[in-house]
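The structure is given below, and queries will be raised subsequently.
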Amino acid sequence: MKSAVETLNPTRVRLTVEVPFEELKPSLDAAYKKINQQVTVPGFRKGKIPARVIDQRFGRGAVLEEAVNDALPKFYTEAVNEGELNPLGQPEVDITELKDNESLTFTAEVDIRPTVEIPDYSGIEVTVDAVEVSDEDVEKSVEQLRERFATTSAVERAAAEGDIVTVDLEAKVDGEVLEDGVAQGVNYTIGSGELLEGIDEAVTGLEAGGTATFTSELKGGSAQGKEAEVKVDVTEVKARELPELDDDFAQLASEFDTLDELKADSRKRLERSRAFEQATQAQEKVLDALLELVEVPLPEKLLEEEVRTRKHNLEHHQLGQMGLTLEAYLKIQEKTAEEFDAELQQQAEKGIKTQFVLDELVNREKLSVSQEELTEHLMRRAQSSGMSPDQFAQAVVEGGQVPMLVGEVARGKALAVVVEAATVKDSNGEVVDLDEEDEVEAAVETVEAAEGTEQESAEKSES
């Protein structure tokens with residue numbers, strides 16, 4: 001077999017492969033055997049039909065076609081290895097010549113991973129938010145904890161903001177009650193904004209047994225997006241009572257004996273959380289700065305497929321789970337379809353560029369992923385997907401996604417190397433020394449976000 005590589009552009013090549021006919025013989029024998037098992041010829045036992053009879057009855061061309069289809073993947077792979085290529089996606093194959101008992105010639109056009117030159121990145125400098133936790137932040141955190149330990153009791157008075165009302169709802173459009181527009185026994189906290197727009201004003205001031213009507217645009221269901229007249233009946237009003245902020249509350253809500261100890265712990269947790277947010281911000285800004293330094297030609301077909309995949313995942317998974325159509329989503333985001341498509345294109349370009357650049361760094365820095373690192377990453381991904389680690393691991397293995405997860409961690413480590421070499425300052429002008437554990441974990445999350453892989457792999461694991 002002989003092969004030649006023609007570069008069509010920096011991301012696409014054409015392979016021309018010439019195969020002597022004798023190298024087709026194993027596939028030709030397999031073709032006769034396969035046809036033998038599929039056909040019946042009077043006078044011959046199944047599987048014992050001579051090759052010349054098959055040629056006469058079914059045509060030599062049918063046998064050659066079967067043989068070539070069987071052999072092409074093998075010869076294509078040999079040509080790719082011979083040319084030391086990194087193909088992306090499936091090739092477009094064209095059989096240019098097939099001479100019986102002489103030779104087979106075919107071409108294969110395929111996108112390839114472009115050559116990426118990584119320049120010196122040690123001069124990258126970014127500014128991130130300072131890690132600052134105020135007394136007000138601590139008070140807010142403790143107040144949120146206090147809310148979780150609130151108790152409720154029925155009251156005989158008009159409902160007010162913060163009360164929990166139990167309501168029955170009935171929605172009409174054009175005077176007709178919707179089949180899916182009736183709900184009973186719904187608990188709603190006034191002022192939370194978790195139900196229909198206009199319900200707060202309707203129920204405020206009503207006592208148990210009170211009724212009101214209001215109009216609202218429906219956010220889901222059969223009449224999504226339409227104006228509906230909604231009747232609301234209040235069946236119960238409950239007031240929320242918060243526990244006193246004292247040492248007894250600290251003992252009730254935590255492992256601490258005093259409120260001061262609880263507040264000190266809340267401050268530490270907030271500082272830890274904001275340090276991780278700072279690390280993530282540093283990763284994102286350094287990644288953007290790195291990508292600006294590198295010229296990366298993007299394979300056209302790969303980019304088209306990436307845009308399609310991202311749009312499909314958003315439309316059929318993320319929005320579907322929220323009960324939204326793409327049109328409704330665009331309306332909420334106040335974007336035109338053209339603006340959305342342009343944004344999606346930009347995200348896809350960044351995702352592919354991120355992968356190419358960081359993969360080159362992985363190779364250059366000879367970075368590897370340990371079993372422990374892979375396990376930690378898998379457990380975090382399992383948690384975000386809502387699956388147990390064992391379930392997620394099984395889904396990953398069965399879906400053939402282990403190399404993808406290894407790649408994510410490796411690229412995260414590559415980004416962490418760049419961040420380590422860069423200068424990171426906070427908004428106060430102080431040089432930030434990022435925690436190594438935070439740095440790598442934040443880097444992996446940044447890579448996932450840029451490549452759009454977290455949602456995609458979660459969907460594959462669930463399907």
Query raised in the report: Salt bridge or not for Lys311 and Asp341, using N-O below 4.0 Å?
Result: yes
**Report entry** Non-hydrogen side-chain atoms of Gln278 and Asp129 separated by less than 4.5 Å
**Finding:**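 The answer is no, as the side chains (C-beta and beyond) never meet within the 4.5 Å cut-off.
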**Report entry** Phe356 to Pro297 - nearest heavy-atom pair and separation
**Finding:**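 Where Phe356 meets Pro297 most closely, the heavy atoms are CE1-O, 4.4 Å.
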**Report entry** Partner of Glu408 by side-chain hydrogen bond (donor to acceptor under 3.5 Å, both in side chains), out of His377, Lys413, Gln355
**Finding:** His377
Query - Partner of Val369 under side chain to side chain contact (heavy atoms under 4.5 Å, CB included), chosen from Glu373, Gln371, Glu372 - result: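 Between Val369 and the candidates, side chain to side chain contact (heavy atoms under 4.5 Å, CB included) is satisfied uniquely by Glu373.
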Report task. Evaluate whether atom CD of Glu84 has more than 12 neighbouring non-hydrogen atoms of other residues, nucleotides or ligands under 6.0 angstrom away. Result -> no
Query raised in the report: Looking at Glu217 and Lys226, does any basic side-chain N land under 4.0 Å from a carboxylate oxygen?
Result: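 Answer for the salt bridge query: no.
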Report task. Assess the side chains of Ser222 and Asp180: does a donor N or O sit below 3.5 Å from an acceptor N or O? Result ->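 Yes - a donor-acceptor pair under 3.5 Å links their side chains.
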Requested in this report: For the pair Asp137 and Arg274, find out whether any cationic side-chain nitrogen is under 4.0 Å from an anionic carboxylate oxygen.
Outcome: yes
Query raised in the report: Any side-chain heavy atom of Arg411 sitting closer than 4.5 Å to one from Thr354?
Result: no
Query raised in the report: Going by an N to O cut-off under 4.0 Å, is there a salt bridge joining Glu92 and Arg12?
Result: yes
Query raised in the report: Mind checking whether Arg380 and Val444 have side chains closer than 4.5 Å, heavy atoms only?
Result: yes
Query raised in the report: If we only count heavy atoms from C-beta on, is the Val116 to Val294 side-chain gap below 4.5 Å?
Result: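 Yes. Closest side-chain heavy atoms under 4.5 Å.
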Query raised in the report: Would you say the side chains of Gln281 and Glu277 form a donor-acceptor pair under 3.5 Å?
Result: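 Glu277 and Gln281 do not have a side-chain donor-acceptor pair below 3.5 Å.
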Query raised in the report: Is a salt bridge present between Glu306 and Arg310, judged by a nitrogen-to-oxygen distance below 4.0 Å?
Result: yes
Query - 4.5 Å side-chain heavy-atom contact, Ile124 and Val419 - result: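 Answer no - side chains too far apart.
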Query raised in the report: Glu136 and Lys140: salt bridge (Lys or Arg N to Asp or Glu O under 4.0 Å), yes or no, with the steps?
Result: CA-CA 6 Å; Glu136 185 181 339; Lys140 185 177 178 182; over 6 Å; no
Requested in this report: Report the C-alpha separation of Val186 and Asp168 in whole Å, then their side-chain angles, then the decisive distance to 0.1 Å, and conclude whether the side-chain contact (heavy atoms from CB on, under 4.5 Å) test is met.
Outcome: CA-CA 6 Å; Val186 177; Asp168 298 335; over 6 Å; no
Query raised in the report: Which heavy atom of Val110 sits nearest a heavy atom of Pro87, and at what distance?
Result: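 Closest pair (atom of Val110, atom of Pro87, distance): CG2-CB, 4.0 Å.
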Query raised in the report: So how far is it from Glu18 CD to Met1 CE, rounded to the nearest 0.5 Å?
Result: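 The CE atom of Met1 is 10.5 Å from CD of Glu18, to the nearest 0.5 Å.
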Query - Pairs flagged by side chain to side chain donor-acceptor pair (under 3.5 Å) wherever residues 96-107 is involved - sequence neighbours left out - result: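 Residue pairs with at least one partner in residues 96-107: Arg60-Asp100.
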Query - Non-hydrogen side-chain atoms of Glu23 and Phe75 separated by less than 4.5 Å - result: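 With C-beta onward as the side chain, the pair touches.
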When the side chains of residues 285-293 are checked against the rest of the protein, which donor-acceptor pairs come out under 3.5 Å, sequence neighbours left out?
{"residue": "Lys285", "atom": "NZ", "partner": "Thr127", "partner atom": "O", "Å": "2.7"}
{"residue": "Asp288", "atom": "OD1", "partner": "Lys350", "partner atom": "NZ", "Å": "2.8"}

Query raised in the report: Is a salt bridge present between Lys25 and Asp29, judged by a nitrogen-to-oxygen distance below 4.0 Å?
Result: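 Between Asp29 and Lys25 there is a salt bridge, with a charged N closer than 4.0 Å to a carboxylate O.
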Query - Charged N-O contact under 4.0 Å between Arg148 and Glu143 - result: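 Salt bridge between Arg148 and Glu143, a charged N being under 4.0 Å from a carboxylate O: no.
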Query - Charged N-O contact under 4.0 Å between Glu229 and Lys172 - result: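 No.
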**Report entry** Verdict with reasoning, Glu430 to Lys425, per salt bridge (Lys or Arg N to Asp or Glu O under 4.0 Å)
**Finding:** CA-CA 5 Å; Glu430 299 291 328; Lys425 293 183 178 180; over 6 Å; no
Query raised in the report: Looking only at side chains, do Gln391 and Ser388 share a donor and an acceptor under 3.5 Å apart?
Result: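 Distance-only check passes for Gln391 and Ser388.
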Query raised in the report: Under 3.5 Å, is there a donor-acceptor pair between the Glu82 and Ser3 side chains?
Result: yes
Report task. Give a yes or no on whether Arg308 atom CZ has more than 12 heavy-atom contacts from other residues, nucleotides or ligands under 6.0 Å away. Result ->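 Correct, the count exceeds 12.
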Report task. Apply salt bridge (Lys or Arg N to Asp or Glu O under 4.0 Å) to Glu117 and Arg364, showing your working. Result -> CA-CA 10 Å; Glu117 297 292 336; Arg364 196 171 87 171; over 6 Å; no
Requested in this report: Compare all side-chain heavy atoms of Tyr121 with those of Leu361 and state whether any distance is below 4.5 angstrom.
Outcome: yes
Requested in this report: Compute whether any side-chain donor of one residue and acceptor of the other, for Asn9 and Glu300, lie under 3.5 angstrom apart.
Outcome: no
Query - Spatial distance of atom CG (Leu270) from atom OG (Ser141) [nearest 0.5 Å] - result: 4.5 Å
Query raised in the report: Between Glu305 and Lys301, does at least one N-O distance fall below 4.0 Å, as a salt bridge requires?
Result: no
Query raised in the report: Phe340 versus Leu326: any side-chain heavy-atom pair under 4.5 Å?
Result: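 Answer yes - side chains close enough.
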